[in-house]
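Following: one structure in structure tokens, then a few remarks.
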Amino acid sequence: MDKFTTLTGIAAPFPIVNVDTDMIIPKDYLKTIKRTGLGKGLFAEMRYREDGSENPDFVLNRPAYRKAQILVAGDNFGCGSSREHAPWALLDFGIRCIISTSFADIFYNNCFKNGVLPIKVSPEDLEKLLDDAERGANAVITVDLEAMEIRGPDGGVITFDLDEFRRHCLLNGLDDIGLTMEKAPSIDRFEKTNAEARPWA
């Protein structure tokens, strides 16, 4: 998993409440267990018309936001089913950070396991960030995980809180496998001691 330290990029405004995981990645794209290639299906029902052409009114289809790395979203983002394909699709598209006032618990946890940073802010701070995100190509903000700050294009700073264990994992690029591998020397010692003590096992 890639480390997340500081991210500076375009922030796309997405002020829709109760965005569920089926909206993030529709069920038609759940046939794969690969984490790559799902970016094309991100928000597919909103991004594309019935004939498969792009919907020019959808925010991520607008020229200024095609390479957005940050999503400033409405309340209760990621609700619905527990599909892990949702953070996979966001990451494959290029989005590494989502800012909202609240997230569904399973989606929130899945983000950390896949290198996506979900940040909870107050409604007042979200309004400021949505205003920043409406600036199109000038909607550049910086998310500093080490300092736990969001810095806007005009120099404004918003601080956020995050569980220290989750912060540690993102800063060091540790998913569940990575965390286990950190314990490899201890596991090896245990296996050796156990084999010597119980050679019949």
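Within the model, atoms OG of S82 and CG of N109 stand 11.5 Å from one another, a figure rounded to the nearest 0.5 Å.
Within the 4.5 Å cutoff, the side chain of V116 has no heavy atoms near those of the R96 side chain.
Cluster membership check: L71 does not share its hydrophobic cluster with W88, using side-chain heavy-atom separations under 4.5 Å among Ile, Leu, Val, Met, Phe, Trp and Tyr. Cluster membership for Y48 and L60, using ILVMFWY side-chain heavy atoms within less than 4.5 angstrom, is not shared.
Considering R66, R62, R47 as possible partners of E54, the one that fulfils the salt bridge (Lys or Arg N to Asp or Glu O under 4.0 Å) test is R66. Results of the side-chain contact (heavy atoms from CB on, under 4.5 Å) test with I70 over I141, I95, L117 single out I141 as the only residue that passes. Considering D125, D75, N76 in turn, D75 is the only one that fulfils the side-chain hydrogen bond (donor to acceptor under 3.5 Å, both in side chains) rule with T101. Screening T6, L7, T8 for a side-chain contact (heavy atoms from CB on, under 4.5 Å) involving D144 leaves a single residue, T6.
A search for side-chain contact (heavy atoms from CB on, under 4.5 Å) contacts involving D154 returns R135, not counting sequence neighbours.
Using modelled atom types, one side-chain atom of Y65 and one backbone atom of G136 make a donor-acceptor pair closer than 3.5 Å. Judged by distance alone, with hydrogens and angles left aside, the side-chain atoms of S53 form no donor-acceptor pair with the main-chain N or O of R49 at under 3.5 Å.
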task = Show your working on ring pair (Phe, Tyr, Trp, His ring centres under 6.0 Å) between F93 and F43 and close with a plain yes or no.
result = CA-CA 10 Å; F93 181 86; F43 300 120; 8.2 Å; no
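Dense packing is recorded around CD of E196, with more than 12 heavy atoms of other residues, nucleotides or ligands lying under 6.0 Å away.
Across every non-hydrogen atom of A139 and D132, the tightest pair is CB-O, 3.3 Å. In this structure, N55 and M46 approach most closely via the heavy-atom pair ND2-O, 3.2 Å.
Under the 30°/60° scheme for interplanar angles, the aromatic rings of Y108 and F112 are found to stand perpendicular.
Defined by atom type and a distance below 3.5 Å, a donor-acceptor pair is missing between the side-chain atoms of R83 and N110.
Ion pairing between a basic and an acidic side chain is recognised when a charged N comes within 4.0 Å of a carboxylate O; D161 and K120 show no such pairing. A salt bridge does not link D131 with K128: every distance from a Lys NZ or Arg NE/NH1/NH2 to an Asp or Glu carboxylate oxygen is 4.0 Å or more.
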